[in-house]
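Note that ligands are numbered from 1 as they come in the structure, with each ligand's atoms numbered from 1 the same way.
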Amino acid sequence: MNAGGDGTLLAVLLLCTMPKRELPFPRSSIGAHMTYTFAKRTTGLRSSAIRDLLKVTEMSDMLSLAGGLPTPDSFPLADLRREADRLLGEYGPRVVQYSATDGVTELRQWIADEYTSILGRPIAVEGEIVVTHGSQQALDLLAKVLVDPGDVVVSESPAYLGAVQAIELFEPRFEVIPGDEHGMQVELLAERLEAGLRPKFVYVVPNFHNPSGATMSLERRKHLAALADRYGLLIVEDDPYGAIRFHGDPLPPVASFTNRVVYLSTFSKIVAPGFRVGWMIGPPEVMGWVARAKQAADLHTSTFAQLLLANVVGRDGWLDAQKARIVPIYRDRCDALSDALESTLGDQIRFHRPDGGMFLWSTFPNIADTTALLHHALQAGVAFVPGNAFTIDQAPDSKARFAYSTLSPNLLGEAAARLANAVAKC
Ligand SMILES: Cc1ncc(COP(=O)(O)O)c(C=O)c1O
């Protein structure tokens, strides 16, 4: 099985197993003519194990359960093409001109209308919304305006790796609260706050968490909101997957129970990620600083992408039809992978089936370090991300994240069979 050459395979294994502080490149590098010295804050900047793995899987006939890429079947190409043509014809040069830092009015109006209904309170087009270059930029901007070196940031564990990367650059001290199948254990956060912990913000992914697939219970959402009000906390509620629910009823966002929330979402999973358009809704004083930081970072998000998306999703009934088309694709893939893992691995694997999203979070009770399993899996032709990539300390563990979003149900069955071969070698 071609895994992109031994060198690449080794590099990936190395990146997945490397302690955080040993970088794959020197912080001060001496070239033929000059020396580059990098900022102290790069010391903790880890490489994304997932992006590194993606490089390998793109180069080979590997079956990848590693990257959580939306399925290309979900992209509404015909609608996008028709609308792009109309925009260029009817709006003319405005669609490719510079535009406002906090976002074009048409898109902010759509966001305000949607969330006035979802959050149950009026959301202002001016002051409470900033359109971002994907939710990833929202995380970067928030860390930039909120975190000084040594400040405490509370995160769930496991955690979305991209958030850890974005926040880590500003040299915080992470306070980790474990999650279970009902999301962050808010009771433990309450105990630490009681004991005097005062974080700059609390980062949560309440719907179909990446990587754990967990959904935070209604009781914990209310409890978290109550803690925010009691202790004057800021909650960062990151919700890229909420629309991809295939079982049960939607739960209200934490932001519907308190104003002390910056809520993030994105078109990446429900329309297409390549536009890089997301949004944040939050208290005007926070959004004001975020908008200034965004001016400095990129002036504004692509005018064309924003207008295109606002006009596509703004059509009556379009978003409901898009969800009705794509959610069953993810449901069937989740079922296919879950069924295949259960039948090929039996009691050698444990997981909770998620109610939505793109990820299955698994424990291998007989394998202490899943980076060893990854080594055999890559040789068997299947890739996944070891659990320790999603922790702050990166200590070896027996967890793994499997993304079922990209492969067809048949290929997911084949991937599970290859994984079973790899488990047998561990
Ligand atoms: C939890 C979470 N937050 C944020 C993002 C970033 O999304 P975007 O494509 O909008 O930058 C992702 C992407 O996978 C994610 O899983």
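- No part of M358 comes within 4.0 Å of ligand 1, judged by heavy-atom distances.
- Among all protein heavy atoms, the one lying closest to atom 16 (O) of ligand 1 is Y241 OH, 2.6 Å.
- Between F402 and A400, the shortest heavy-atom distance links the atoms CZ-CB, 3.9 Å.
- Atom 7 (O) of ligand 1 has as its closest protein heavy atom S135 CB, 4.0 Å.
- With a 4.0 Å heavy-atom cut-off, ligand 1 is reached by no atom of H133.
- D239 and N207 form a side-chain donor-acceptor contact under 3.5 Å, judged by distance and modelled atom types alone.
- A donor-acceptor contact under 3.5 angstrom links the side chains of D298 and Q137, judged on distance only.
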Checklist entry - Hey, mind stepping through D355 and R331 against salt bridge (charged side-chain N to carboxylate O under 4.0 Å, His left out) and telling me if it holds? => result CA-CA 8 Å; D355 291 331; R331 180 200 58 211; over 6 Å; no
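- Judged purely by distance below 3.5 Å, without hydrogens or angles, the side chains of R292 and Q295 never pair a donor atom with an acceptor atom.
- Within the 4.0 Å heavy-atom cutoff, P273 does not count among the residues contacting ligand 1.
- Residues L412 and L337 share a closest heavy-atom pair of O-CD1, 4.0 Å.
- Counting the atoms of ligand 1 from 1 in the order shown, those under 4.0 Å from a heavy atom of P240 are 1 (C), 2 (C), 3 (N), 15 (C).
- Ligand 1 lies out of reach of F267, whose nearest heavy atom is not under 4.0 Å from it.
- In this structure, R276 counts as a contact residue of ligand 1, since one of its heavy atoms falls inside 4.0 Å of the ligand.
- Considering only non-hydrogen protein atoms, atom 9 (O) of ligand 1 sits nearest to S268 OG, 2.6 Å.
- Ranking the protein heavy atoms by distance from atom 13 (C) of ligand 1 puts K269 NZ, 3.3 Å first.
- Between R108 and D102 a salt bridge is recorded (basic side-chain N to carboxylate O distance below 4.0 Å).
- A donor and an acceptor atom, one from each side chain of T301 and K294, are located under 3.5 Å apart.
- Evaluated by nearest non-hydrogen atom to atom 2 (C) of ligand 1, the leading choice among V205, D238, N210 is D238.
- When hydrogens are left out, the protein atom nearest atom 5 (C) of ligand 1 is Y160 OH, 3.3 Å; that is the closest non-hydrogen contact.
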